[in-house]
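In each ligand, atom 1 is the first atom listed, and ligand 1 is the first ligand listed. It should be emphasised that the depicted structure is a prediction, and the values quoted were computed from it without experimental measurement.
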Amino acid sequence: MRLQDKRVVVTAAASGMGRAGCLLFAQEGATVAVVDIDPARTEQVVAEVIAQGGKARGFVADLSSAEACKHVIAECAEWLGGIDLLWAHAGSPGPSAVEGVDIAAFDFAVALNLTSALICAGEVADHMRRAGGGAILFTASVAGLRGSPLSPVYSALKFGVVGFTKSLARRYARDGIRVNVVCPGAVDTPMLPAFLDRDGNDDELRAANQARLVANVPMGRVARPEEIAHAALWLLSDDASFVNGVALPVDGGYAA
Ligand SMILES: NC(=O)c1ccc[n+]([C@@H]2O[C@H](COP(=O)([O-])OP(=O)(O)OC[C@H]3O[C@@H](n4cnc5c(N)ncnc54)[C@H](O)[C@@H]3O)[C@@H](O)[C@H]2O)c1
């Protein structure tokens with residue numbers, strides 16, 4: 001059991017990689033606070049954790065609001081009796097345009113990808129200090145390691161998450177808090193079509209985009225959410241006790 005008795009918060013946890021993380025962390029002995037904007041799917045993930053013999057509770061929050069981030073971390077800490085681990089996984093593709101970009105859509109993407117990471121990390125730090133240490137994990141993307149002509153806004157925000165990770169890793173190291181970031185390539189989750197459909201949502205275009213995307217991955221496929229969750233487990237667990245400030249690609253070799 002790699003996370004025996006650990007108290008963990010996972011954001012954007014009701015689907016995809018976040019859900020896979022909740023199930024895996026609970027199997028490894030953690031008690032899991034499942035945070036998401038979608039009440040029905042949050043409860044479903046909680047039910048899945050409990051059905052496999054684990055401990056979890058759902059917390060509904062719109063993480064694009066800084067106030068909601070603060071409030072939900074406090075709620076999680078109260079229920080868990082402290083916080084040892086955080087996977088701040090929330091994010092969204094954001095607008096693809098540069099010329100004529102929709103500023104409201106840009107601001108929303110900043111709020112969900114970057115501000116929520118900032119606030120959630122800041123709010124958990126004191127709980128982790130009181131627990132004698134902890135680990136924070138963010139989610140960026142390979143687009144946070146390499147420029148993305150199709151998604152410059154997304155790429156800039158994920159580069160921001162990587163920079164924030166490295167800075168916090170140094171800032172919190174003496175508090176016993178490790179900070180790392182996982183950088184997935186394309187993952188088979190409900191978010192993937194949002195990337196594939198950015199030139200329009202007709203089937204032919206999507207199929208062409210998917211084929212191009214897969215062709216660019218040396219391993220020739222997209223990831224399963226569980227493959228990212230296993231990397232997250234490792235980075236959060238004591239198996240990675242001297243790993244700090246790392247941006248880990250989990251991308252089938254794409255970033256190589
Ligand atoms: N899917 C990919 O190919 C891919 C690749 C690299 C990085 N990412 C990153 O992974 C994360 C998304 O994870 P996923 O692919 O597992 O997506 P997903 O679509 O399966 O899940 C996203 C979850 O976020 C929740 N959510 C959306 N808006 C929210 C809000 N305002 N407040 C709280 N929760 C909200 C949704 O309800 C959903 O449960 C993002 O940070 C994204 O940038 C995804």
Inset, instruction - May I ask you to say whether R57 pairs ionically with E75, meaning some side-chain N is under 4.0 Å from a carboxylate O? - result: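 Salt bridge between R57 and E75, a charged N being under 4.0 Å from a carboxylate O: no.
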Legend entry - Sidechain N-carboxylate O distance under 4.0 Å for D239, R2: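 Yes, this pair counts.
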Would you say ligand 1 has an N or O under 3.5 Å from any N or O of [X]?
| X | result |
| --- | --- |
| D36 | yes |
| L112 | no |
| A186 | no |
| S141 | no |
| T189 | yes |

Legend entry - Numbered atoms and elements of ligand 1 in range of A61, under 4.0 angstrom, heavy atoms: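 Matching atoms, with element in brackets: 32 (N), 33 (C).
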Legend entry - Atoms in ligand 1 with a heavy atom of A90 nearer than 4.0 Å: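 Atoms satisfying the 4.0 Å criterion: 41 (O).
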Would you kindly say whether [X] and [Y] are connected by a side-chain donor-acceptor distance under 3.5 Å?
| X | Y | value |
| --- | --- | --- |
| N209 | R212 | yes |
| Q52 | Q27 | yes |
| T11 | W87 | no |

Does [X] come within less than 4.0 Å of ligand 1, judged by its heavy atoms?
| X | result |
| --- | --- |
| A223 | no |
| G185 | yes |
| K158 | yes |

Inset, instruction - Could you tell me the residue and atom name of the protein heavy atom closest to atom 26 (N) of ligand 1, and the distance to it rounded to 0.1 Å? - result: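 Ranked first by proximity to atom 26 (N) of ligand 1 is I37 CG2, 3.8 Å.
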Inset, instruction - Pick one of side chain, backbone, both or neither for how R41 approaches ligand 1, counting any non-hydrogen atom pair under 4.0 Å. - result: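 The answer is the side chain of R41.
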Legend entry - Atom CZ of R170: over 12 foreign heavy atoms under 6.0 Å: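 At most 12 heavy atoms, drawn from other residues, nucleotides or ligands, come within 6.0 Å of this atom.
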